[in-house]
Amino acid sequence: MTNTGEREADIEMTSERRLVEEQVERLLSGQGSEVSLCDVGMEQSKPAALRKNITYIVCAVIFNEKEEVLMVQEAKQDCYKQWYLPAGRVEVGESLEEALRREVKEEAGFDCEPITMLLIQEQGPQWIRFIFLARISGGSLKSLAAADQESLQAAWWDRQSPLPLRGRDILRLIENGLKYRRNPWHPVTLPVDLSCRHVVQRMILVFVGAEDQIWILLVRGPTPHLPTAAAVKTHAVTWAANMVVQEALPSSYYDHDVTTLGVCGLQHNGRQHGRTDGVCLNTLVALVPDRVQRDEDGLKVELPPTGRPPPIENPRYVWFEVQNLDLREKLLEKTRNTSVLPIHSLY
């Protein structure tokens with residue numbers, strides 16, 4: 001016979017399990033949730049403030065019906081008359097999408113609407129570039145007669161004709177845009193209007209067992225939740241996941257790879273300078289055993305697959321085994337196919 005205390009504990013565990021699974025589902029679908037606390041790294045982080053300690057860049061990849069890409073000719077002295085994608089800094093008080101629309105209008109003459117983010121690039125929390133695939137919604141192509149300090153003119157480039165480029169980095173962005181346009185490999189991902197003071201990474205950190213079981217690392221209190229860590233200036237933004245694993249599993253850290261597979265969603269508001277200039281990257285992270293190690297003679301040793309995650313050493317954390325079959329399948333699919341928005345460190 002089950003006593004009342006055990007029944008209450010079961011009910012509480014069921015309720016907590018449901019809340020965790022609901023949050024994971026919400027983040028996987030690109031929705032956000034408020035950042036109410038930061039579990040790791042806050043003492044090494046300062047509130048984000050545009051023009052002071054952080055720069056956000058927006059960049060637009062826009063095609064016409066011929067798959068020509070929209071380019072702008074630079075007016076700046078250091079890259080005068082060279083060509084680049086429409087791009088520029090986010091200004092104080094702007095959302096990322098507002099900045100994108102303004103830059104495309106100023107530099108190319110067109111009104112535009114974002115379709116999805118294609119890629120996030122970062123050099124630590126002090127410099128992050130958000131590359132959008134977008135579509136024209138109005139306006140007209142900027143001509144030389146309208147040249148100003150923003151740009152000299154805009155043009156559609158067939159990607160074959162010789163064109164003096166300001167930087168070849170955009171070729172990869174254009175290829176990413178074409179690839180997504182022809183065959184989208186991750187869901188539409190656009191910023192969610194939720195405020196954040198710091199640059200933080202909230203992670204769905206998963207361990208996949210030998211028989212496709214999935215565990216997610218949680219912080220125990222005040223109620224079980226996905227860990228959130230502040231990005232620190234000395235490392236890539238995604239180093240935050242390594243900080244969490246080092247805190248939760250110090251002995252196992254060097255026997256595993258911590259890989260941020262990509263971004264499920266991005267939260268940004270930006271309307272209150274110095275208070276909401278931060279971003280929250282909701283990411284999918286895999287903890288994978290490093291199966292090839294070396295013995296004391298320096299020879300490679302192949303370790304057998306392990307069925308369970310490494311033991312938690314810090315009582316703040318707990319492994320949560322996913323029992324919801326639909327959620328487990330979603331996590332397995334996204335983990336195997338990396339069908340999430342990519343984030344690349346330029347360190």
Side-chain angles (χ1 to χ4, degrees), residues 30 32 35 38 45-62 72 74 76 84-108 112-134 150-151 166-167 169-170 172-173 176-177 189-202 228-240 260 262-283 341-347:
V35 179
C38 183
S45 171
K46 291 183 177 178
L50 283 179
R51 292 187 174 174
K52 291 183 178 178
N53 62 4
I54 194 162
T55 297
Y56 297 142
I57 306 290
V58 290
C59 181
V61 181
I62 299 175
V72 295
E74 298 282 8
K76 300 185 194 76
Y84 206 68
L85 293 171
R89 295 185 182 198
V90 178
E91 299 293 346
V92 170
E94 282 185 320
S95 71
L96 300 179
E97 292 185 26
E98 287 166 349
L100 181 81
R101 292 187 185 99
R102 175 183 53 76
E103 288 291 347
V104 172
K105 185 67 173 178
E106 290 175 351
E107 295 188 351
C112 78
E113 287 299 323
I115 297 170
T116 183
M117 285 185 286
L118 284 173
L119 175 67
I120 298 173
Q121 297 173 316
E122 51 94 1
Q123 294 177 344
Q126 57 271 29
W127 189 93
I128 306 176
R129 180 161 72 165
F130 304 92
I131 296 94
F132 287 83
L133 181 65
E150 301 298 336
S151 69
R166 177 182 133 194
D169 60 310
I170 59 171
R172 179 186 185 185
L173 307 183
N176 270 4
T189 309
L190 290 170
V192 176
D193 184 6
L194 284 170
S195 65
C196 192
R197 194 162 192 185
H198 296 249
V199 175
V200 301
Q201 180 182 0
R202 175 166 45 203
T228 300
V232 295
K233 191 175 179 180
T234 50
H235 288 77
V237 169
T238 55
W239 184 255
T260 296
V263 176
C264 306
L266 173 83
Q267 300 174 198
H268 174 258
N269 174 279
R271 283 191 281 275
Q272 291 180 281
H273 184 43
R275 294 187 61 81
T276 64
D277 285 341
V279 294
C280 174
L281 299 157
N282 296 315
T283 60
L341 174 72
I343 179 167
H344 294 164
S345 171
L346 303 178
Y347 268 111

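Note that the numbering runs from 1 along the sequence shown for the chain.
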* Asked: Given Thr283 and Ile343, is the side-chain contact (heavy atoms from CB on, under 4.5 Å) satisfied, shown in steps?
  -> CA-CA 9 Å; Thr283 60; Ile343 179 167; 5.5 Å; no

* Heavy atoms, side chains only, cut-off 4.5 Å: are Arg275 and Ser195 in contact? -> no

* Asked: Do Arg101 and Pro114 have side chains that get closer than 4.5 Å, going by heavy atoms?
  -> yes

* Structure fact -> The side-chain hydrogen bond (donor to acceptor under 3.5 Å, both in side chains) partners of Arg172 (sequence neighbours excluded) come to His344

Nearest 0.5 Å, please: how far is [atom2] in [Y] from [atom1] in [X]?
| X | Y | atom1 | atom2 | answer |
| --- | --- | --- | --- | --- |
| Leu173 | Leu133 | CG | CG | 11.5 Å |
| Gln201 | Leu281 | CD | CG | 6.5 Å |
| Leu194 | Cys280 | CG | SG | 9.0 Å |
| Arg129 | Arg89 | CZ | CZ | 13.0 Å |
| Leu96 | Leu266 | CG | CG | 6.0 Å |
| Glu113 | Phe132 | CD | CZ | 11.5 Å |

Check whether [X] reaches the backbone of [Y] with its side chain - one donor and one acceptor, N or O, closer than 3.5 Å.
| X | Y | answer |
| --- | --- | --- |
| Thr189 | Gly265 | no |
| Tyr56 | Asp277 | yes |
| Thr276 | Arg271 | yes |
| Glu122 | Val237 | yes |

Tabulate below the donor-acceptor pairs under 3.5 Å that side-chain atoms of residues 46-54 make, not counting sequence neighbours, or state none.
residue	atom	partner	partner atom	Å
Arg51	NH2	Glu91	OE1	2.6
Asn53	OD1	Ala49	N	2.8
Asn53	ND2	Pro47	O	3.0

Closest non-hydrogen atom pair between [X] and [Y], with its separation:
| X | Y | result |
| --- | --- | --- |
| Val192 | Gly30 | CG2-O, 3.4 Å |
| Pro86 | Val104 | CB-CG2, 4.1 Å |
| Ala229 | Ala240 | CB-CB, 3.6 Å |
| Gln121 | Trp127 | O-CZ3, 4.1 Å |
| Cys38 | Ala230 | SG-N, 3.4 Å |
| Pro191 | Glu97 | CD-OE2, 3.5 Å |

* Tell me, with the steps shown, if Val61 and Leu118 meet side-chain contact (heavy atoms from CB on, under 4.5 Å). => CA-CA 9 Å; Val61 181; Leu118 284 173; 4.0 Å; yes

* **Worked verdict on Val58 versus Arg102 for side-chain contact (heavy atoms from CB on, under 4.5 Å)** => CA-CA 10 Å; Val58 290; Arg102 175 183 53 76; 6.0 Å; no

* **side-chain contact (heavy atoms from CB on, under 4.5 Å) evaluation trace for His268 with Phe130** => CA-CA 12 Å; His268 174 258; Phe130 304 92; over 6 Å; no

* Asked: Among all residues two or more places apart in sequence or in another chain, which pass the ring-ring contact (aromatic ring centres under 6.0 Å, His included) test with His235?
  -> Trp239

